[in-house]
There are 2 protein chains.
Amino acid sequence: MLEARLNEAAILKRLLEAIKELVADANFECNEEGINLQAMDNSHVALVSVKLDATGFKRYRCDRPMPLGVNLNSLTKVLKCAKDDDVVIIKAADDADILSLTYEARNSDRIAEYDMKLMDIDADTLGIPDTDYDARVTMPSSEFSRIVRDLSQLGESVRIEVSKEGVRFVSEGEAANGNILLKQSEITTKAGSSSTKKEEDADEEEENEEDGEDEGGDGKKKAKKAKKEKVKKETGEDVSMNGEEEDDEEEFKADGEDGEEEQEEDSSSKKRKKAPAKATGKATKKAKKSKDGDDDGDLPDGVRIELNQHVNLTFSLKYLVNFSKSSSLSNVVQLMMSNDVPLLVSYEFGQGHIRYYLAPKIGDD
Amino acid sequence: MLEARLNEAAILKRLLEAIKELVADANFECNEEGINLQAMDNSHVALVSVKLDATGFKRYRCDRPMPLGVNLNSLTKVLKCAKDDDVVIIKAADDADILSLTYEARNSDRIAEYDMKLMDIDADTLGIPDTDYDARVTMPSSEFSRIVRDLSQLGESVRIEVSKEGVRFVSEGEAANGNILLKQSEITTKAGSSSTKKEEDADEEEENEEDGEDEGGDGKKKAKKAKKEKVKKETGEDVSMNGEEEDDEEEFKADGEDGEEEQEEDSSSKKRKKAPAKATGKATKKAKKSKDGDDDGDLPDGVRIELNQHVNLTFSLKYLVNFSKSSSLSNVVQLMMSNDVPLLVSYEFGQGHIRYYLAPKIGDD
DNA sequence: ACTTTGTGCA
DNA sequence: TGCACAAAGT
């Protein structure tokens with residue numbers, strides 16, 4: 001039995017609007033910690049991963065893990081029937097093939113209920129490469145959208161180069177070449193910069209775990225490897241596949257062995273030796289942030305670059321444009337990159353996140 | 001070597017948006033006085049002429065005249081990558097086949113650079129008929145857009161009739177006929193009317209030249225001929241072809257002999273015996289305006305009609321609709337007409353102008 | 001590229 | 001409540 005009550009239908013609507021073009025059908029994996037979705041795009045080039053923390057719901061109950069196989073197009077249609085500020089109640093019986101969505105108007109004088117057929121979807125839970133990233137770029141999501149939209153007019157692909165100078169997006173087309181340089185708003189290397197990050201809980205965790213190199217002053221990570229570890233954790237933390245920990249450079253692979261979102265709590269404590277109850281959500285994180293006076297916070301503008309090593313990768317703009325539809329979910333986006341490893345594009349939105357992975361084009365850097 | 005710095009990308013974006021449907025490729029003729037473009041539309045029916053005064057740029061440098069052959073579609077794409085308030089720097093080396101556009105964000109932490117291939121375009125510099133117009137209608141550009149859009153739904157062409165009564169736009173279609181009469185806001189004939197005109201320098205010149213009939217009271221021109229002379233100068237002034245002065249009724253013809261915008265100064269003084277340095281630009285004009293307390297100034301609404309002689313012409317609405325895309329460049333548009341002569345549709349926008357010429361349909365009036 | 005729909009503003 | 005602008009669909 002699943003019953004989840006969400007205060008704002010808007011979040012769900014935007015999520016589906018963002019991924020419905022990328023994926024046709026997907027399982028919403030529900031367990032007591034929340035709802036996760038993981039799927040490869042139709043052409044098996046990109047991977048999308050959505051997490052909604054149980055704590056993000058007004059009310060949440062999930063007796064036992066259950067996958068809800070959903071046709072995203074249908075769900076999008078159903079969600080369009082909700083007003084943005086409606087309260088949504090999602091319900092599914094334990095062995096039912098029906099998903100029920102109830103929309104309650106704020107004033108409660110309208111209650112709409114929709115039932116949607118569920119489907120069985122091969123649970124190809126995907127192993128997400130648990131990569132150590134060499135560069136993390138935090139920027140306004142609107143700017144990222146703008147850049148990929150602009151460059152997609154010129155060419156098929158974009159080369160993203162992160163250096164101390166900043167981030168450079170380069171696209172070469174038949175009619176014209178484009179080249180956009182974003183300088184970071186403040187300090188160039190990691191942390192210390194007072195530049196704000198975003199609702200990225202990762203940093204606090206770093207402090208807990210990797211200790212010495214907290215956000216404070218040291219511009220660079222002590223050791224590249226250490227840094228990588230951190231970065232990885234920051235982003236990899238919530239990724240629904242946790243049971244296994246391939247170090248990196250692995251392409252996405254299907255695996256059904258992870259405990260269905262039993263989630264980080266366990267695995268993180270075991271493998272990463274830190275376990276600041278991620279599931280407890282933002283409250284904890286934010287509290288920590290304010291204490292630390294760290295880089296987190298929401299920078300409306302401004303670009304932040306955290307860099308271990310020069311990266312230079314080429315990606316298909318078509319996919320990036322698609323990813324950038326998630327801008328409505330957050331004002332900030334993070335790009336995580338290491339050479340020869342899939343790019344991670346991450347939007348954090350309070351109740352969870354949506355992350356996209358995209359393998360670089362070969363013959364780049 | 002060309003280097004031009006424009007404070008607002010918007011102006012260029014709008015210009016290209018306005019003409020890209022009409023013309024595929026064109027030469028931007030650059031010289032020390034500014035940048036000019038002249039081209040016939042793809043079907044050789046209409047002619048478009050754009051002028052950007054050097055003085056309109058924040059910085060402008062052009063060592064020697066150079067034509068930049070541009071594919072307008074490509075340029076449009078590149079310009080779409082600029083935000084409206086970006087600063088644009090246009091650069092071209094002397095014998096390069098590359099045009100470089102650099103966009104600097106207001107806050108300067110984003111710099112985008114685009115390279116565009118240039119092409120060789122047959123420099124069919126066109127002779128624009130230096131017509132004496134019998135009627136000039138000044139009206140809000142939005143109103144003009146509305147009228148041609150409306151009428152284009154009914155029929156293929158519009159008959160424009162200017163009389164003392166006002167301007168009448170008539171279209172006859174299969175399903176319905178339309179007929180729009182615009183009465184002028186105040187006095188019917190020339191000048192004196194306090195009706196504002198627009199950034200139209202012409203009027204002051206009239207005063208200088210034709211004297212007696214300054215903006216003051218006399219509603220009509222003394223002599224029709226004199227009036228015509230004036231009108232011609234007013235509009236024909238900046239038109240890039242000045243060397244020759246075919247009196248009128250000539251269709252556009254290619255000619256390479258005009259000194260590439262050596263411009264009016266010379267010809268006007270010689271031929272028209274008045275030469276209030278048009279090239280010096282609006283400052284002069286405006287100063288004069290304010291002094292005279294004449295009709296100039298920007299009338300947001302209101303229609304002004306200057307008429308020597310009844311005109312009655314029929315035009316293809318398809319083209320007029322196309323021309324009216326320039327509304328974003330100016331709140332005011334001027335229509336200049338004489339019987340059996342191409343219509344001139346002119347938008348003035350501070351840094352220059354965009355003008356369209358369209359031959360009337362035969363069998364009209 | 002144009003038309004239609006939806007949203008924000010007056 | 002109506003109008004205008006912007007975004008999406010055809």
Side-chain angles (χ1 to χ4, degrees), chain A residues 8-22 24 72-86 103 105-106 110 112 140-150 152-154 175 317-318 320-331, chain B residues 9-10 13-25 41-43 45-46 48 71-85 140-156 171 173 175 300-301 316-331 356:
Chain A
E8 300 264 336
I11 191 80
L12 271 181
K13 295 177 70 171
R14 294 191 195 126
L15 263 178
L16 267 105
E17 209 54 51
I19 61 176
K20 73 163 203 280
E21 303 286 325
L22 215 52
L72 298 186
N73 232 314
S74 304
L75 181 53
T76 303
K77 282 181 186 165
V78 171
L79 283 171
K80 278 187 178 158
C81 303
K83 294 180 69 181
D84 274 6
D85 59 350
D86 279 355
Y103 308 143
R106 280 286 148 134
R110 177 176 54 80
S141 57
S142 57
E143 185 139 40
F144 180 62
S145 293
R146 189 47 145 69
I147 289 170
V148 296
R149 263 192 296 113
D150 283 353
S152 68
Q153 294 193 339
L154 303 181
L317 277 164
K318 175 185 149 202
L320 297 184
V321 168
N322 223 315
F323 299 168
S324 72
K325 287 182 184 165
S326 299
S327 296
S328 56
L329 287 159
S330 168
N331 292 326
Chain B
K13 295 178 69 171
R14 294 188 194 130
L15 263 177
L16 267 106
E17 208 53 52
I19 62 176
K20 74 162 205 282
E21 303 286 324
L22 215 52
V23 183
D25 307 300
D41 85 294
N42 298 329
S43 49
V45 172
V48 59
N71 175 284
L72 298 186
N73 232 312
S74 301
L75 181 54
T76 303
K77 280 183 185 167
V78 172
L79 283 171
K80 278 187 179 160
C81 302
K83 294 179 71 177
D84 273 7
D85 59 349
S141 57
S142 57
E143 185 140 40
F144 180 61
S145 293
R146 190 44 142 73
I147 289 170
V148 296
R149 261 192 298 114
D150 285 353
L151 294 184
S152 69
Q153 296 193 338
L154 304 182
E156 297 281 297
S171 179
D301 302 328
S316 159
L317 276 165
K318 174 185 152 203
Y319 286 96
L320 298 184
V321 168
N322 224 316
F323 300 168
S324 73
K325 287 183 183 166
S326 298
S327 297
S328 56
L329 286 159
S330 169
N331 292 325
Y356 300 93

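This one's a predicted model, so the numbers in the text were calculated from it and none came from an experiment. Chain A is the first sequence line, chain B the second, and so forth, proteins listed ahead of strands; every chain is numbered from 1.
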Quiz item: Between atom CG in B:Asp84 and atom P in D:dC5, what is the gap in whole Å?
Solution: 15 Å
Quiz item: Between A:Asn73 (CG) and D:dG9 (P), how many Å, whole number?
Solution: 11 Å
Self-check item: Distance, nearest 0.5 Å, that separates OG of A:Ser328 from CG of A:Leu15
Solution: 8.0 Å
Quiz item: Could you state the interatomic distance from NZ (B:Lys20) to CG (B:Asn322), rounded to the nearest 0.5 Å?
Solution: 10.0 Å
Quiz item: What is the distance from CD of A:Glu17 to C1' of D:dA7, rounded to the nearest Å?
Solution: 11 Å
Self-check item: Check: B:Asp41/B:Tyr319 side-chain N/O donor and acceptor closer than 3.5 Å
Solution: yes
Practice problem: Look at all strands and tell whether A:Lys80 reaches a base, only sugar-phosphate, or nothing, counting heavy atoms closer than 4.0 Å. | Solution: nothing
Quiz prompt | Distance in angstrom units between B:Gln153 CD and C:dC2 P, rounded | solution = 13 Å
Quiz item: Please give, in whole Å, the distance from C:dT7 P to A:Lys13 NZ?
Solution: 7 Å
Quiz item: Under the 3.5 angstrom rule, does the side chain of A:Ser141 hit a backbone N or O of A:Ser330 as a donor-acceptor pair?
Solution: yes
Quiz item: In whole angstrom, what separates A:Asp85's CG from C:dG8's P?
Solution: 11 Å
Practice problem: Would you kindly give the CG-to-C1' distance between B:Leu72 and C:dA1, to the nearest whole Å? | Solution: 17 Å
Exercise. Could you check how far CZ of A:Arg146 sits from C1' of D:dA6, rounded to whole Å?
Key: 14 Å
